[in-house]
K.L.:
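What follows is a structure written as structure tokens; I'll ask about it next.
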Amino acid sequence: MPRQLSEVKKRELETTLAAYIKCMEKNAASMRNVPMPELNEQLFSLFETTGNRLLYENVYFQRRKYLSVYGCLTILRENPDDAAKLEEVIRGICEEECWALPAHVDRVKNPAWRRTVDLFAAETGQALAEILALAGDRLNPEIRELVRENVLDRVLLPFLESEAPYSFWERGENNWNAVCAGSIGCAAIYLLSGEPELLENLIGRIVDSLHYYIDGFADDGACLEGLGYFSYGFYYYVGFAELLCRYTKGKIDLLNQEKVCRIALFQQKCYFPSGRTLSFSDANSEDKYRLGLTCLLALRYPEVELPPVACAGGFETDRCYRFLANYRDVIWTRRYLEEHSVKFCWADEEQENVTPICESVWCWQSRYIVLPDAQWSIARGASGGGMACKGGTNGEPHNHNDVGSFLYLQGNEMLLADLGTGEYTKAYFSENGRYQILCNRSLGHNVPVVDGKEQQAGVQYCCDSFESDGRGRTVIHYASAYGNSAVRDLIRTLEYDAASERLVVEDVLKTDSAMPECEKENRCARVSVTMRENLITEYLPEIEAETIVIKGKEHACRITVEGATGPITAEEKSHIDHRGNRRTVYCLSWETPMGGCGERRCRFLVEPS
């Protein structure tokens, strides 16, 4: 039998939910007499002329904040002032020239660009359709008709009038599919219920599309786009699935799939006990989970665990202010509190000496987790930090050239970093510009530079094999990530002990000259492929001989290098994070010595200091 929700956890959830709603109410009070910021052509054209996205998007998402705040509160409480302000906001949203973002439209080649259905046009359509359905008579007939006309014209009809696929996302294997298809499906159920045949055809097309989204996850449930994109896309998938199940009276249940259950378990594997998270791909190491989504998943799947409530995001966490998620953070958390009959594996003061129910690798008490299909290995250390490493390919969604990379934390401080996502600009998503950006190129990851070259982008530049014993030892063969024909093998072995938090990393590079066919000694001497180790930290390192000390605010580590050729250097670099903030990072590097017959070997120890 699942364990009842403890009083401690119940109080935490109630307090967090109350704070979430209070934040919306506080925003409503402060924005009530303040008009929405204006969008204009000058802001819209910035992306086309300079590649800058942030200035337009900051204004756009502030406007969506108004919609989310007053939409949620109009539904959740009966206050005529909320409804009046919501009507004003809806008029403003419907007056926008285009609901899609400038980065997603082509005004030169597409004469119908104003009706582009991208992530944000779809989200806006979903929000307005659901607000219309749930607010009902609190909105006057003129506003209800305005919503219906705009959602049909800007979102549903462009999709319905197209041949499949409408766009790349309709058969895409990433979050775009879930967000766009899920939003369209929700809006259609709300607005087209009077046209059952049309709605049935549209739902069939949406369900077909979402199969591609689920196929995009690794078989072990991992989201290769990273934790943030898991939360984003899966929230819309689950939101549509739950609405569709209710609409069809249980006949279509998209959550009743074994793989979907494995996907639901992914989130809890990404958290270290300190609350920091994996930042592979375009993820954020300080990511917060969505409380409503997690509560709904925990109600549906007994194996799902809620990470510590302190790690849950508040209303202001999502700067895009997505109505679907904001509203469900409230109502699904309330539902969870009402039912509260799900097991817990996260310790609290009432459970510290209790043997955990969940003994599988999914439970946080498990020190080591392996995702074999994604080729991720995760270990949780005694201080609340840990280590994680990956294989994979350099052709993954939101790809970074990071095959063989790892990160190292003590407590809540990432001392050897995976920088995660950078600022989204035109260059960030361009073929030529993406891998000039530090956080995307392999120089911005904890992997070596081979023969003066970094790893290359493309699915063919990949991990050759990945083995992890589930007890802290992982062996990665990743020569193919560099595309250097002279390199026969590049083997990285990582050994991490969770109790001592000691990590030993060894890289062995073998060239073609080291093969058995190598008959002549002078041939070995001719082939020389260099290897320079490369480590990334956001803390100013202290270097003395073959020792590096990295000191955070509360924790520190010592890196001891065996047999470096020449000095260890620290080069200061600049990283622009997702919100446009410039941060200083340091690339630590050293040459590795040549061994017998073209082999290079480097070994270093990382341990608490």
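Bear in mind the structure is a predicted one, so any value in this text is a computation, not a measurement.
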K.L.:
Is atom CZ of Arg579 surrounded by more than 12 heavy atoms (other residues, nucleotides or ligands) closer than 6.0 Å?
P.N.:
no
K.L.:
Taking Asn440 for the side chain and Arg434 for the main chain, is one N or O donor matched with an acceptor at less than 3.5 Å?
P.N.:
yes
K.L.:
Would you please classify the geometry between the Tyr20 ring and the Phe315 ring as parallel, tilted or perpendicular, with 30° and 60° separating the classes?
P.N.:
perpendicular
K.L.:
Return yes if a side-chain donor-acceptor contact under 3.5 Å exists between Asn394 and Tyr435, otherwise no.
P.N.:
no
K.L.:
Could you tell me which non-hydrogen atom of Leu227 sits nearest to which non-hydrogen atom of Cys270, and how far apart they are?
P.N.:
CD2-CB, 4.0 Å
K.L.:
Name all residues meeting the side chain to side chain donor-acceptor pair (under 3.5 Å) criterion together with Gln375; count only those two or more places apart in sequence or in a different chain, and write none if there are none.
P.N.:
none
K.L.:
Any donor-acceptor pair under 3.5 Å linking the side-chain atoms of Tyr190 with those of Glu130?
P.N.:
yes
K.L.:
Does Leu296 offer a backbone N or O that forms a donor-acceptor pair with the side chain of Arg335 under 3.5 Å?
P.N.:
no
K.L.:
Hey, mind stepping through Leu13 and Leu17 against side chain to side chain contact (heavy atoms under 4.5 Å, CB included) and telling me if it holds?
P.N.:
CA-CA 6 Å; Leu13 288 170; Leu17 179 58; over 6 Å; no
K.L.:
Show every side chain to side chain donor-acceptor pair (under 3.5 Å) that has at least one partner inside residues 90-106, sequence neighbours left out.
P.N.:
Arg63-Glu96, Arg64-Glu96, Glu97-Arg114, His104-Asp118
K.L.:
For the CG atom of Asp329 and the CD1 atom of Ile21, what is their distance to the nearest 0.5 Å?
P.N.:
10.5 Å
K.L.:
Determine yes or no for a side-chain-to-main-chain donor-acceptor pair under 3.5 angstrom, with His578 supplying the side chain and Gly422 the backbone.
P.N.:
yes
K.L.:
Taking side chain as C-beta onward, heavy atoms only, is Glu78 less than 4.5 Å from Arg138?
P.N.:
yes
K.L.:
Before you tell me yes or no, could you show the steps for Val238 and Leu297 under side chain to side chain contact (heavy atoms under 4.5 Å, CB included), namely the whole-Å CA-CA distance, both residues' side-chain angles and the distance that decides it to 0.1 Å?
P.N.:
CA-CA 9 Å; Val238 174; Leu297 294 176; 4.1 Å; yes
K.L.:
Any heavy-atom pair between the side chains of Leu192 and Leu152 that's under 4.5 Å?
P.N.:
yes
K.L.:
Just by modelled atom types, is the Asp373 backbone N or O under 3.5 Å from a matching donor or acceptor in the Asp219 side chain?
P.N.:
no
K.L.:
Does a side-chain heavy-atom distance below 4.5 Å link Cys72 with Tyr321?
P.N.:
no
K.L.:
Can you check whether Phe61 reaches Leu101 side chain to side chain, under 4.5 Å on heavy atoms?
P.N.:
yes
K.L.:
Looking at every heavy atom in both Ser279 and Ser285, which two are closest together, and how far apart are they?
P.N.:
CB-N, 3.7 Å
K.L.:
Assess whether atom NZ of Lys259 is packed by more than 12 heavy atoms of other residues, nucleotides or ligands within 6.0 Å.
P.N.:
yes
K.L.:
Between Val260 and Tyr301, is the side chain to side chain contact (heavy atoms under 4.5 Å, CB included) condition met? List the steps.
P.N.:
CA-CA 10 Å; Val260 174; Tyr301 308 108; 3.4 Å; yes
K.L.:
Could you check, using the six-membered ring where one of them is a Trp, whether Phe44 and Trp113 have ring centers closer than 6.0 angstrom?
P.N.:
yes
K.L.:
Is any side-chain heavy atom of Tyr236 closer than 4.5 Å to one of Glu123?
P.N.:
yes
K.L.:
Any pair with a residue in residues 172-189 that passes salt bridge (charged side-chain N to carboxylate O under 4.0 Å, His left out), sequence neighbours left out, goes on the list, sorted by first then second residue, please.
P.N.:
none
K.L.:
Are side-chain heavy atoms of Tyr232 and Arg322 found at a separation under 4.5 Å?
P.N.:
yes
K.L.:
Quick one: is the NZ or CZ of Lys85 closer than 6.0 Å to the six-membered ring centre of Tyr66, and within 45° of its axis?
P.N.:
no
K.L.:
Under the rule for side chain to side chain donor-acceptor pair (under 3.5 Å), what residues qualify as partners of Arg300, not counting sequence neighbours?
P.N.:
Asp253
K.L.:
Identify the two heavy atoms, one from Cys439 and one from Gly420, that lie closest to each other, and give their separation to 0.1 Å.
P.N.:
CB-O, 3.5 Å
K.L.:
Could you please spell out the steps behind the side-chain hydrogen bond (donor to acceptor under 3.5 Å, both in side chains) verdict for Asp318 and Tyr235?
P.N.:
CA-CA 13 Å; Asp318 174 16; Tyr235 216 144; over 6 Å; no
K.L.:
Do Arg276 and Tyr271 meet the cation-pi criteria used here (NZ or CZ under 6.0 Å from the six-membered ring centre, within 45° of the axis)?
P.N.:
no
K.L.:
Are more than 12 heavy atoms from other residues, nucleotides or ligands located less than 6.0 Å from atom CD of Glu41?
P.N.:
yes
K.L.:
Pick one: which of Tyr213, Phe217, Phe230, Tyr229 meets ring-ring contact (aromatic ring centres under 6.0 Å, His included) with Tyr237?
P.N.:
Tyr213
K.L.:
Are side-chain N/O atoms of Thr294 and Gln267 paired as donor and acceptor at under 3.5 Å?
P.N.:
yes
K.L.:
Can you name the nearest heavy-atom pair linking Gly275 to Cys311, along with the distance?
P.N.:
CA-SG, 3.5 Å
K.L.:
Less than 4.0 angstrom from a charged side-chain N to a carboxylate O is my criterion; do Arg334 and Glu338 meet it?
P.N.:
no
K.L.:
Any idea how Trp376 and Phe280 line up, ring-wise: parallel (<30°), tilted (30 to 60°), or perpendicular (>60°)?
P.N.:
perpendicular
K.L.:
When you check the gap from the basic side-chain N to the acidic O, do Glu88 and Arg32 get nearer than 4.0 Å?
P.N.:
no
K.L.:
Give the minimum heavy-atom separation between Ser183 and Ala122, together with the two atoms involved.
P.N.:
CB-O, 3.2 Å
K.L.:
Which heavy atom of Ala283 sits nearest to which heavy atom of Leu278, and what is that distance?
P.N.:
CB-O, 3.8 Å
K.L.:
Output yes when a side-chain donor or acceptor of Glu305 lies under 3.5 Å from a complementary backbone atom of Gln268, and no otherwise.
P.N.:
no
K.L.:
Once side chain to side chain donor-acceptor pair (under 3.5 Å) is applied, do any residues pair with Thr74, and if so which ones, sequence neighbours excluded?
P.N.:
none
K.L.:
Do Ser30 side-chain atoms and Asn27 backbone N/O form a donor-acceptor pair below 3.5 Å?
P.N.:
yes
K.L.:
Do Asn326 and Ser68 meet the criterion of a side-chain donor-acceptor pair at a distance under 3.5 Å?
P.N.:
yes
K.L.:
Kindly indicate, with the supporting measurements, whether the criterion side chain to side chain contact (heavy atoms under 4.5 Å, CB included) is fulfilled by Asn581 and Glu423.
P.N.:
CA-CA 8 Å; Asn581 301 313; Glu423 179 187 358; over 6 Å; no
K.L.:
Do the side chain of Ser281 and the main chain of His398 share a donor and acceptor less than 3.5 angstrom apart?
P.N.:
yes
K.L.:
Donor-acceptor pairs under 3.5 angstrom involving side-chain atoms of residues 199-211: please list them, not counting sequence neighbours.
P.N.:
from, atom 1, to, atom 2, distance (Å)
Asn201, ND2, Glu197, O, 3.4
Arg205, NE, Glu170, OE2, 2.7
Arg205, NH1, Phe159, O, 3.1
Arg205, NH1, Ser162, O, 3.1
Arg205, NH2, Ser162, OG, 2.9
Arg205, NH2, Glu170, OE1, 3.0
Ser209, OG, Glu170, O, 2.5
Ser209, OG, Asn177, OD1, 3.0
Ser209, OG, Asn177, ND2, 3.3

K.L.:
Verify, without hydrogens or angle tests, whether Glu225 (side chain) and Asn174 (backbone) share a donor-acceptor contact under 3.5 angstrom.
P.N.:
no
K.L.:
Any side-chain heavy atom of Tyr428 sitting closer than 4.5 Å to one from Thr421?
P.N.:
yes
K.L.:
Check Arg77 with Glu25, please: is the shortest side-chain N to carboxylate O separation under 4.0 Å?
P.N.:
yes
K.L.:
So do the side chains of Glu303 and Cys261 get within less than 4.5 Å of each other, counting heavy atoms only?
P.N.:
yes
K.L.:
Just how far is it from atom OH of Tyr336 to atom CD of Glu339, taken to the nearest 0.5 Å?
P.N.:
10.5 Å
K.L.:
Does Gln42, at its CD atom, have more than 12 non-hydrogen atoms belonging to other residues, nucleotides or ligands within less than 6.0 Å?
P.N.:
no
